[in-house]
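Here is the structure we will look at.
To find a chain, count down the sequence lines: A is the first, B the second, and so on, and within it residues start at 1. Predicted model only: the values in this text are computed from it and were never measured.
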Protein chains: 2
Amino acid sequence: MSVANTLESTTTVTAAPSRAAASGSRTHKIWSNMHDVCNLLRIPSGTFIGDDDHHFQHVQFKAGQRIHTAGQAFDMLYVVNCGFLKSVMIDEFGNEQILSFPMKGDLFGIDGIHTKKYTSEAVALSSCDIILIPFSKFAAIGRTNPILETALYGLMSRELIREQGMITMLGSLTVEARVARFLVSLSERFSAIGYSGKAFNLPMTRREIGNYLGVTLETASRTLSAFNELGLISVDQRSIYIHDLNALKTLRRLPPSRARIEQAEKKAAAAAANYVPSQQQPSATMREQMAVV
Amino acid sequence: MSVANTLESTTTVTAAPSRAAASGSRTHKIWSNMHDVCNLLRIPSGTFIGDDDHHFQHVQFKAGQRIHTAGQAFDMLYVVNCGFLKSVMIDEFGNEQILSFPMKGDLFGIDGIHTKKYTSEAVALSSCDIILIPFSKFAAIGRTNPILETALYGLMSRELIREQGMITMLGSLTVEARVARFLVSLSERFSAIGYSGKAFNLPMTRREIGNYLGVTLETASRTLSAFNELGLISVDQRSIYIHDLNALKTLRRLPPSRARIEQAEKKAAAAAANYVPSQQQPSATMREQMAVV
DNA sequence: CGGAATATTGAGGGTCATCAAATGTCGTGG
DNA sequence: CCACGACATTTGATGACCCTCAATATTCCG
């Protein structure tokens with residue numbers, strides 16, 4: 001049952017420079033150069049090929065550990081080399097809201113730039129390998145390298161757009177559409193970093209999914225079960241298999257529960273009559289109902 | 001009934017340079033220098049005092065006009081000198097979501113940096129005076145002026161944080177708390193730009209408020225009416241008077257509608273008995289109920 | 001003055017939060 | 001190795017809240 005995205009990253013990193021060897025600490029340290037970091041961030045890195053002037057330290061975290069906390073002094077940006085995390089904002093009432101699930105190639109910590117303190121906290125959901133990017137150093141290099149500067153503005157702008165999409169999702173999509181979009185987004189991100197986009201394990205709990213999507217864990221669970229029932233996905237605990245990605249992409253709302261119940265009753269009747277319908281496949285009529293409106 | 005924030009801005013701007021006079025078009029053009037723009041954005045502008053090398057053009061828009069549309073090629077950032085706008089994102093299903101209501105001193109258009117196309121559209125809600133900031137020019141000045149560069153990163157980071165707060169609001173606050181926070185935010189922003197924070201006119205419709213807060217216009221209207229009923233505010237169409245800012249700041253949920261109905265019945269009974277309770281003042285017990293949990 | 005847009009308020013029904021119970025999973029220590 | 005407890009997940013029942021539809025009043029503007 002285990003699928004690829006639970007395995008360790010196979011990304012190669014540059015050998016540790018002399019400083020790392022000198023440190024000799026028990027903590028596992030590796031170093032990446034500018035070229036590696038740019039590749040990870042999908043920034044054109046032509047000008048940095050063979051550049052060994054700048055090195056960025058890696059740090060490992062285990063599930064549950066915090067990379068940074070809200071209010072902590074800001075000086076680093078972070079790039080995920082492997083593993084899964086959550087970024088959480090806590091409001092003045094103590095409400096926690098998950099803002100993102102960073103994974104390989106994602107940058108986080110940007111929110112600290114403005115007030116020089118992080119406003120959110122980042123927590124590892126699995127074993128993680130994180131690259132530390134001192135912001136002042138990055139900005140300084142950017143000042144002499146227009147491509148990097150543009151890329152840095154671009155990354156911030158991209159994150160802004162991602163959050164706008166999240167606002168739009170929370171503000172105007174039904175719960176089913178949010179869960180569907182969440183699955184599609186995970187699928188696309190897994191594909192982009194070399195894992196399967198069809199079969200994967202969820203790095204987060206139902207509670208975290210629900211929190212991220214603005215619903216309770218029960219609603220998140222029920223919605224996944226409904227998708228499973230309709231044959232759009234197969235879900236068992238953390239493992240997901242996507243049968244109909246396109247239906248998930250275009251889904252706006254499920255057929256009214258009335259229709260779903262009738263459908264379920266038909267199924268039950270068929271089962272009672274000892275007729276076994278094809279496993280996990282939604283009827284064509286049911287798919288049409290979902291696509292409409 | 002008219003209050004200050006409906007009046008024209010009294011901000012002075014520098015005289016138009018010769019170019020503007022030469023244009024001689026019927027459109028009303030003025031110019032601001034770097035110092036003015038920094039002041040408007042609340043950026044330390046010390047290094048730009050007396051700087052007349054850079055000029056930024058003003059453009060006027062009337063209510064309903066678009067400043068930019070989604071998909072349009074990006075080259076400008078915009079700073080509001082006076083007036084009110086809305087920034088709207090439209091998703092792949094055609095859902096519109098209002099992301100912000102820019103007003104004096106606010107920067108918008110940042111979302112265009114990443115893909116070189118605006119992803120949202122900006123629409124004037126009232127007569128507006130907008131300053132055009134060519135992004136490449138701003139970034140170039142930033143390269144030689146660390147304060148401006150830092151400020152630019154800071155502005156983007158601040159906007160990121162604002163959107164995170166919006167996500168948290170949509171994901172974890174009750175409708176009443178969202179409306180309350182919306183009013184508090186408007187109040188604080190009006191105060192910051194020199195208008196009254198207690199009495200003001202809403203620049204947007206109920207539909208726009210509801211859309212912004214992720215609810216229907218009816219729910220937005222009803223919630224404002226409930227606040228009015230409780231004496232937290234007085235509301236009549238677009239005009240707002242805030243009686244109890246602190247209650248709005250700490251409000252999490254209204255007392256259950258059952259209790260509200262009883263309260264209303266008591267009021268009605270009192271009125272029938274020809275006893276007139278002090279206008280618009282909620283009872284102490286009612287306030288306690290609101291603050292709790 | 002009349003028509004369109006805006007705002008208010010009511011009635012009814014659907015969706016989702018809440019409370020609850022049962023089952024499954026995993027890490028830890030006996 | 002297994003038993004235990006803590007946590008995660010699923011599923012059901014119930015009711016509050018909010019959306020939808022609808023009617024009316026008010027404002028704005030040509």
Minimum-distance nucleotide (side-chain atoms of A:S225 versus D:dT11, D:dA8, C:dA7): D:dT11

Spacing between A:N95 atom CG and C:dA17 atom P, to the nearest angstrom: 14 Å

Any donor-acceptor pair under 3.5 Å from A:R253 side chain to A:A177 backbone: no

Residue A:R189 excluded, over 12 heavy atoms near CZ under 6.0 Å: yes

Sidechain-backbone polar pair: B:S239 side chain, B:V235 backbone, donor-acceptor under 3.5 Å: no

Sugar-phosphate only, base, or nothing, as touched by A:T174 at under 4.0 Å among non-hydrogen atoms: nothing

Heavy-atom neighbours of A:R238 CZ exceed 12 at 6.0 Å: yes

Separation of atom CZ in A:R207 from atom C1' in D:dT9, rounded to whole Å: 11 Å

Length of the line joining A:N201:CG and D:dA8:P, which is rounded to integer Å: 16 Å

B/S/- contact track for nucleotides 20-26 of chain C, protein heavy atom under 4.0 Å: B----S-

B:E176 side chain, from C-beta outward: closest of C:dT8, D:dA8, D:dC18: D:dC18

Whole-Å distance separating the CG atom of B:N211 from the P atom of D:dC19: 12 Å

Under 4.0 angstrom between B:R206 side-chain N/O and C:dT8 OP1 or OP2: yes

Phosphate contact (D:dT9 OP1 or OP2) by A:R238 side-chain N/O below 4.0 Å: yes

Which atom pairs, one a donor and one an acceptor, fall under 3.5 Å between side chains of residues 96-103 of chain A and the rest of the protein, sequence neighbours left out?
residue	atom	partner	partner atom	Å
A:Q97	NE2	A:N211	O	3.0

Euclidean distance, atom CG of residue A:L125 to atom C1' of D:dA8 [Å, nearest integer]: 14 Å

A:Q164 backbone acceptor or donor facing A:T168 side chain under 3.5 Å: yes

A:F182 ring center near A:Y212 ring center (under 6.0 Å): yes

C:dA17 phosphate, OP1 or OP2, under 4.0 Å from A:T216 side-chain N/O: yes

Separation of atom CG in A:L202 from atom P in D:dA8, rounded to whole Å: 14 Å

Under 4.0 angstrom between A:S221 side-chain N/O and D:dT9 OP1 or OP2: no

Touch class at under 4.0 angstrom, heavy-atom based, for A:E208 against every strand present: nothing

Proximity to the side chain of A:T219 - top-ranked nucleotide from C:dC16, C:dT8, D:dC18: C:dC16

Atom-to-atom span, CG of B:L224 to P of C:dT6 - whole angstrom: 16 Å

Rounded interatomic separation in angstrom, taking CG from B:L217 and C1' from D:dC18: 13 Å

